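Note that the coordinates shown come from a computational prediction; the quantities given were computed from them, not determined experimentally. Within every chain, numbering begins at 1; the chains are lettered A, B, ... in the order of the sequence lines, protein sequences first and strands thereafter.
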Protein chains: 2
Amino acid sequence: MRERPVVMIDVARLAGVSHQTVSRVLNHQPNVKPATRERVLEAVRQLNYRPNAMARGLAGRRSRVLGVVSFDTILYGPAATLLGIEQAARAAGYGVSVATLERIDHDGVVSALGALADQSVAGVVVIAPQAAAAAALRTMPKSTAAVAVEADANGEIPAISVDQVSGARMAVEHLLSLGHRKVWHVSGPRDWLEAQGRIEGWRSTLGDAGLAAPRPIAGDWSARSGYAAGLELASRDDVTAVFAGNDQMALGMMRAFHEHGIRVPADVSVVGFDDIPEAEFLSPPLTTIRQDFDEVGRRCIAALLRVIDNGQPERLTHSAVDPLVTPTLVVRQSTAPLRGAAGPGGMTPGPALRATG
Amino acid sequence: MRERPVVMIDVARLAGVSHQTVSRVLNHQPNVKPATRERVLEAVRQLNYRPNAMARGLAGRRSRVLGVVSFDTILYGPAATLLGIEQAARAAGYGVSVATLERIDHDGVVSALGALADQSVAGVVVIAPQAAAAAALRTMPKSTAAVAVEADANGEIPAISVDQVSGARMAVEHLLSLGHRKVWHVSGPRDWLEAQGRIEGWRSTLGDAGLAAPRPIAGDWSARSGYAAGLELASRDDVTAVFAGNDQMALGMMRAFHEHGIRVPADVSVVGFDDIPEAEFLSPPLTTIRQDFDEVGRRCIAALLRVIDNGQPERLTHSAVDPLVTPTLVVRQSTAPLRGAAGPGGMTPGPALRATG
DNA sequence: AACGAAGCTGTTATCGCTAACAGGCCAATT
DNA sequence: AATTGGCCTGTTAGCGATAACAGCTTCGTT
């Protein structure tokens with residue numbers, strides 16, 4: 001014997017009006033006498049009435065829920081982006097439904113998109129910065145409102161991105177300014193657009209300085225792959241500076257260096273990417289490129305709501321939302337001048353290390 | 001001019017049946033002739049029909065979306081739990097809607113719960129292991145299906161938890177077995193139930209061994225707070241073993257030790273909690289307690305679906321849902337015997353360190 | 001042969017809202 | 001005084017499904 005939930009007609013009766021007037025008040029429509037409006041709101045309060053989202057969506061042909069497709073929400077970047085999106089969406093009065101990709105291929109994206117469509121979401125944000133995912137977006141019915149993070153689907157749908165190229169440029173220029181002439185790169189998976197952008201920024205910056213880019217070493221964002229890359233680099237004698245594709249790989253790499261008696265930054269300078277919360281407390285504290293994921297989330301929602309309101313995907317209206325978020329360089333202690341004062345007293349030498357053996 | 005979406009009646013017409021028969025086929029009801037069923041399914045395929053979730057929910061008075069209330073989805077634990085829940089929910093045919101808490105107090109939980117209720121979720125998982133959140137759960141209308149992670153709301157709603165006490169016990173026993181007689185603890189925030197459980201396990205294990213527990217040092221899960229705790233401990237001379245409340249704090253603490261020339265594990269042994277993916281690649285690789293978040297997610301969904309199907313919150317049916325997930329000890333190189341062979345060649349001494357000064 | 005009990009299908013009513021239209025009222029215009 | 005056009009409000013139809021009931025077969029039984 002469960003009590004019937006309060007519905008709009010109950011409010012209408014209590015306020016002595018029709019249910020349509022209640023609807024008008026709730027949807028902030030004009031043309032309701034202030035006194036009536038107040039009476040309705042009072043009834044709403046008194047009954048603790050909450051409109052039924054499903055009925056509302058069914059009648060109005062729109063829902064107040066946005067979908068987010070993401071891959072590996074444990075990675076710092078996607079997790080932080082998801083949080084930013086969720087907060088921005090909530091501020092705009094929308095709920096957020098998530099669908100995580102188990103596979104990262106075309107079908108995986110299609111199926112995740114389908115799962116969200118089945119929940120009648122009003123629009124979708126896709127955080128799946130792989131080439132395959134970007135391709136899958138193009139197969140999406142154009143009636144679906146969508147924006148992508150870090151996926152330039154050929155202008156098919158709006159894309160919000162951090163300026164990876166410029167971030168990589170900052171990292172490399174920082175190392176060059178310290179006197180390093182050869183900058184290695186441990187990249188993310190080649191099918192990730194971020195990885196591609198960072199490779200491009202790294203390579204072009206070296207090129208602009210008249211330097212050749214060595215072969216990039218491929219990782220998979222994980223600390224484990226950074227460790228593997230570190231082992232490879234440790235076996236060479238021409239390594240003084242490395243730009244890692246993200247902080248986790250930098251962490252793993254520094255572990256490998258440590259095991260081989262290679263000192264950071266005295267022997268090798270390391271720059272990461274992301275500025276994870278732990279970066280400041282690694283040994284040594286990591287110089288890295290910070291991305292503003294909250295800003296990414298905010299711009300995603302702003303762009304998505306615009307698409308929803310227009311009823312049409314906006315085509316290249318880049319004037320409205322600047323799609324590129326600028327990252328910033330955070331200098332800590334994992335970078336030092338090439339052959340700079342080798343002993344203590346040099347430039348930002350980091351904390352003293354003691355021998356352990 | 002947008003094309004009308006395919007609805008059930010379209011399928012019915014194409015298959016030459018009534019819409020109700022289509023509904024029966026789609027809901028796997030019996031009493032449909034196999035030939036008819038096949039005809040309907042063929043029509044569904046041909047039109048690429050997808051049922052409208054809102055209409056379905058409105059008519060059937062139930063939705064296929066579950067809500068998750070979480071705090072700080074960037075923290076490893078909540079993020080991993082969320083992922084586990086999402087995957088288990090999808091496997092059960094449910095979508096997942098998230099609401100992140102901006103504030104961690106009573107009102108924050110109530111408002112997040114309300115936001116989810118407005119989306120007509122069928123049930124809610126609350127990942128908000130604070131005492132305040134647990135209290136808020138009790139104010140929830142009992143008609144709402146809900147389960148909590150790590151929050152024993154006095155048996156009001158089912159709770160899925162990792163056995164924090166036993167995890168802490170493993171950590172401390174490991175340190176005791178290495179000969180340490182005084183084990184410090186850097187705890188999480190006191191209002192987090194996990195933090196309380198780990199403190200309890202730590203204290204009782206020491207008690208069982210006839211040892212007194214020093215005053216725990218309070219952190220906030222962040223590497224920064226671990227660093228601060230590390231500075232405090234570094235100023236003492238009676239520190240040989242520390243059990244950190246999580247891996248991030250262990251990381252920050254080790255950084256502080258490093259800056260003060262305190263070697264891990266030669267001078268101080270450190271145990272963390274969580275086994276974040278990076279733990280293996282810290283310097284030194286971190287001994288820690290692993291939690292199985294996927295299992296937590298699976299049990300959450302299982303319990304929640306049971307509540308939904310019963311139509312009533314199950315009261316203390318702990319026999320049905322095994323409430324405690326057992327963590328495991330992962331031994332790496334941040335722990336060593338007390339005063340064990342002080343030089344190289346000792347037991348798991350970790351990689352050699354070189355002087356850097 | 002007649003009967004009830006299944007099995008299969010269709011018709012109608014609802015779910016709780018918003019959209020569209022249809023008024024009633026009152027001030028401002030002709 | 002009659003007409004116009006805003007305001008405000010109510011009535012009636014849907015939205016696209018499921019629930020409940022009813023009707024028609026087709027069996028197996030007595």
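Of the possible polar contacts, none joining the B:Gln119 side chain to the B:Ser97 backbone as a donor-acceptor pair under 3.5 Å is found. For A:Arg39 (side chain) and A:Leu14 (main-chain N/O), no donor-acceptor pair under 3.5 Å exists by modelled atom type.
We find that CZ of A:Arg4 is positioned 12 Å from C1' of C:dC15, with the value rounded to whole Å. Here the C1' atom of nucleotide C:dG16 and the CG atom of A:Asp10 are 11 Å apart, to the nearest Å. For the pair B:Gln29 CD and C:dT9 P, the interatomic distance rounds to 12 Å; values are reported in whole Å. If you take CD1 of B:Ile9 and P of C:dT11, they are 10 Å apart, rounded to a whole angstrom. Atom pair A:Arg24:CZ and C:dC21:P shows a separation of 14 Å (rounding to whole Å applied). Rounded to whole angstrom, the span from the CG atom of A:Leu26 across to the P atom of C:dA19 amounts to 13 Å.
Among A:Val121, A:Val126, A:Thr144, A:Val68, the single residue meeting the side-chain contact (heavy atoms from CB on, under 4.5 Å) criterion with A:Leu116 is A:Val121.
Ion pair B:Arg45/B:Glu38 flagged as a salt bridge, since at least one NZ, NE, NH1 or NH2 atom sits closer than 4.0 Å to an Asp/Glu carboxylate oxygen.
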* Verdict with supporting geometry, A:Arg4 and A:Asp10, salt bridge (Lys or Arg N to Asp or Glu O under 4.0 Å) -> CA-CA 11 Å; A:Arg4 192 176 54 78; A:Asp10 299 325; 3.4 Å; yes

* Asked: Could you walk me through whether B:Glu295 and B:Arg298 pass the salt bridge (Lys or Arg N to Asp or Glu O under 4.0 Å) check?
  -> CA-CA 5 Å; B:Glu295 177 65 18; B:Arg298 256 177 267 123; 2.5 Å; yes

* For the pair B:Ile160 and B:Glu150, evaluate side-chain contact (heavy atoms from CB on, under 4.5 Å) and give the outcome as yes or no after the intermediate values. => CA-CA 6 Å; B:Ile160 308 299; B:Glu150 304 291 347; over 6 Å; no

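Toward the 5' end of DNA chain D, the nearer of the two residues B:Arg62 and A:Pro30, judged by each one's closest nucleotide, is A:Pro30. With DNA chain C read from its 5' end, the first of the two nearest nucleotides for B:Thr21 and B:Leu58 is the one closest to B:Thr21. The nearest heavy atom of DNA chain D to B:Gln20 and to B:Ala55 marks one nucleotide each, and the one closer to the 5' end goes with B:Ala55. Projected onto DNA chain C by closest heavy-atom contact, A:Gly60 and B:Gly16 fall at different nucleotides, the more 5' of which corresponds to B:Gly16.
When the C1' atoms of four end pairs are superposed on the next four at each end of the helix from C:dG4-D:dC27 to C:dT30-D:dA1, using five pairs per end, the two resulting axes differ in direction by 50°, to 10°.
Across all strands shown, A:Asn31 has heavy atoms under 4.0 Å from base atoms, whether or not it also approaches the sugar-phosphate.
Where DNA chain D meets chain B (any atom under 4.0 Å from a heavy atom), the bounding nucleotides read 5' to 3' are D:dG16 to D:dA20.
Residue A:Ile301 holds its CD1 atom at 9.5 Å from OH of A:Tyr94, rounded to the nearest 0.5 Å.
OP1 or OP2 of C:dC15 has not a single side-chain nitrogen or oxygen of A:Asn52 nearer than 4.0 Å.
Residues forming a ring pair (Phe, Tyr, Trp, His ring centres under 6.0 Å) with A:Tyr76 (at least two apart in sequence, or on another chain): A:Phe293.
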